[in-house]
Amino acid sequence: MSFPTRGFHGRRRESGDAAGRIPPGQHLVDGFPVLSAGPTPHTPLADWTFSIRGGGGPVTWTWEEFRALPTTTVTVDIHCVTKWSKLDTVWEGVSVDTLLETVDDDSPYLLAFCDGGYTTNLAREDVSDGKAWVAYMYDTEPLEDEHGGPVRLLVPHLYFWKSAKWVRGFELRDEDEPGFWESNGYHIRGDPWLEQRYWGD
């Protein structure tokens, strides 16, 4: 299991304006650290799809169909469980609300599944009502592979491992079942303001 750190430029002193936006135990960085549990997948866009399983589905979009969906540009702060935070990051993508509206299913949980076999679990309330997006642009540029491109989940109010890279869809579930990192010691939810990093936090 490797954790490359390209783009990590060390700690930055918090300004007065930023102090109230940084959760306990976190520090600011200027770069964008690259942290992955395995090799970076490279799926050709011609073969890429996004699917929602459940609600009589699956519902599936090709890359062209996905890019035709309504998009939103958001500016958010992100917080990694490894204790770095980055403020005012700019993303463009499709709201998870838009995607979930296509299925007739009110399951309270979902499992995001990704290229490379990675998964992460989320409560529906944590990805609805404008809280989450499937993003394909970062800082006005197409999302780079090492940062999760062509698309990654963006759930900025939770620790960044919940913003799964290389996401390929959601499986709707009645029970909250742990994903990859949650099965290996990370917290089932991951609220940075409550320091929910690991089991028992």
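Rounding to the nearest 0.5 Å gives a distance of 6.5 Å between NZ of Lys131 and CG of Asp126. With values rounded to the nearest 0.5 angstrom, Ile78 atom CD1 is found 13.0 Å from Leu158 atom CG. Note that the CG atom of Leu111 and the CD atom of Glu171 stand 6.0 Å from one another [nearest 0.5 Å]. The OH atom of Tyr159 lies 5.0 Å from the CD atom of Gln26; values are rounded to the nearest 0.5 Å. Interatomic distance, Asp97 CG to Ser128 OG, rounded to the nearest 0.5 Å: 6.0 Å. Annotation: the span from Thr71 atom OG1 to Arg67 atom CZ amounts to 8.0 Å, rounded to 0.5 Å.
Trp84 has its side chain within reach of Phe32: a pair of non-hydrogen atoms, C-beta onward, lies under 4.5 Å apart. Inter-residue side-chain proximity for Ile52 and Trp61 is flagged as met; some heavy-atom pair is nearer than 4.5 Å. Between Asn121 and Ile188 the shortest side-chain heavy-atom distance falls below 4.5 Å. Between Val134 and Phe66 the shortest side-chain heavy-atom distance falls below 4.5 Å. Residues His147 and Tyr138 fail the side-chain proximity criterion, which asks for heavy atoms closer than 4.5 Å. Contact of the Leu172 side chain with the Leu100 side chain is registered, since non-hydrogen atoms from C-beta on lie closer than 4.5 Å. Two residues are said to be in side-chain contact when any heavy atoms from C-beta on lie closer than 4.5 Å; Ser85 and His27 fail this criterion.
Cation-pi check for Arg152 over Phe160 is met; the charged atom lies under 6.0 angstrom from the ring centroid and within 45 degrees of its normal. Figure legend: cation-pi geometry between Arg53 and Phe113, with NZ or CZ positioned under 6.0 Å from the six-membered ring centre and within 45° of its axis.
Note: the hydrophobic cluster containing Phe50 also contains Val96 (ILVMFWY, side chain heavy atoms under 4.5 Å, direct or indirect links). Hydrophobic clustering of Ile, Leu, Val, Met, Phe, Trp and Tyr side chains at less than 4.5 Å, counting indirect connections, keeps Val155 apart from Leu87. In the hydrophobic clustering of this structure, Leu122 groups with Val167; members are Ile, Leu, Val, Met, Phe, Trp, Tyr whose side-chain heavy atoms approach within less than 4.5 Å, directly or through other members. At a threshold of 4.5 Å between side-chain heavy atoms, the hydrophobic network of Ile, Leu, Val, Met, Phe, Trp and Tyr places Trp193 and Trp161 in two separate groups.
A donor-acceptor contact shorter than 3.5 Å links the side chain of Asn184 to the backbone of Phe180. Distance alone, capped at 3.5 Å, is enough to place a donor-acceptor pair between the Arg168 side chain and the Thr49 backbone. Using modelled atom types, no side-chain atom of Lys162 and backbone atom of Pro156 make a donor-acceptor pair closer than 3.5 Å. Under the 3.5 Å distance criterion, the side-chain polar atoms of Thr89 are matched with a main-chain donor or acceptor of Val76. In this structure, Asp77 contributes its side chain and Asp88 its backbone to a donor-acceptor pair below 3.5 Å. A donor-acceptor pair under 3.5 Å is formed between the side chain of Lys86 and the backbone N or O of Asp30. Side chain of Glu65 to main chain of Thr62: a donor-acceptor pair is present (N/O by atom type, distance under 3.5 Å, no hydrogens or angles). His187 places a side-chain N or O within donor-acceptor distance of the main-chain N or O of Asp201, the cut-off being under 3.5 Å. Asp139 places no side-chain N or O within donor-acceptor distance of the main-chain N or O of Val90, the cut-off being under 3.5 Å. Judged purely by atom type and a 3.5 angstrom limit, Trp91 has no side-chain atom pairing as donor or acceptor with the backbone of Thr72.
The side chain to side chain contact (heavy atoms under 4.5 Å, CB included) test with Pro23 is passed by exactly one of Glu195, His79, Lys83: His79.
Ring geometry for Trp48 against Trp63 counts as perpendicular: the plane angle is over 60°, on a 0 to 90° scale with 30° as the lower cut.
Checking Thr40 against Asp145 by side-chain atom types alone, no donor-acceptor pair falls below 3.5 Å. With no hydrogens or angles considered, no side-chain donor-acceptor pair links Glu92 and Trp133 at under 3.5 Å.
Heavy-atom minimum distance, Gly148 versus Leu143: C-CD2, 3.8 Å. Taking each heavy atom of Gly179 and Thr119 in turn, the nearest pair found is CA-OG1, 3.4 Å. In terms of heavy-atom proximity, Leu153 sits nearest to Ala112 at CD2-CB, 4.1 Å. Closest of all the heavy-atom pairs between Tyr118 and Ala164 is CE2-CB, 3.7 Å.
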Taking it one step at a time, do Arg173 and Glu175 satisfy salt bridge (Lys or Arg N to Asp or Glu O under 4.0 Å)?
-> CA-CA 5 Å; Arg173 296 188 166 189; Glu175 303 292 333; over 6 Å; no
Let me check something: any side-chain donor-acceptor pairs from residues 102-110 under 3.5 Å, sequence neighbours excluded? List them with distances.
from   : atom 1 : to     : atom 2 : distance (Å)
Thr102 : OG1    : Leu99  : O      : 2.6
Asp105 : OD1    : Ser107 : N      : 2.7
Asp105 : OD1    : Ser107 : OG     : 2.4
Asp105 : OD2    : Gly55  : N      : 2.9

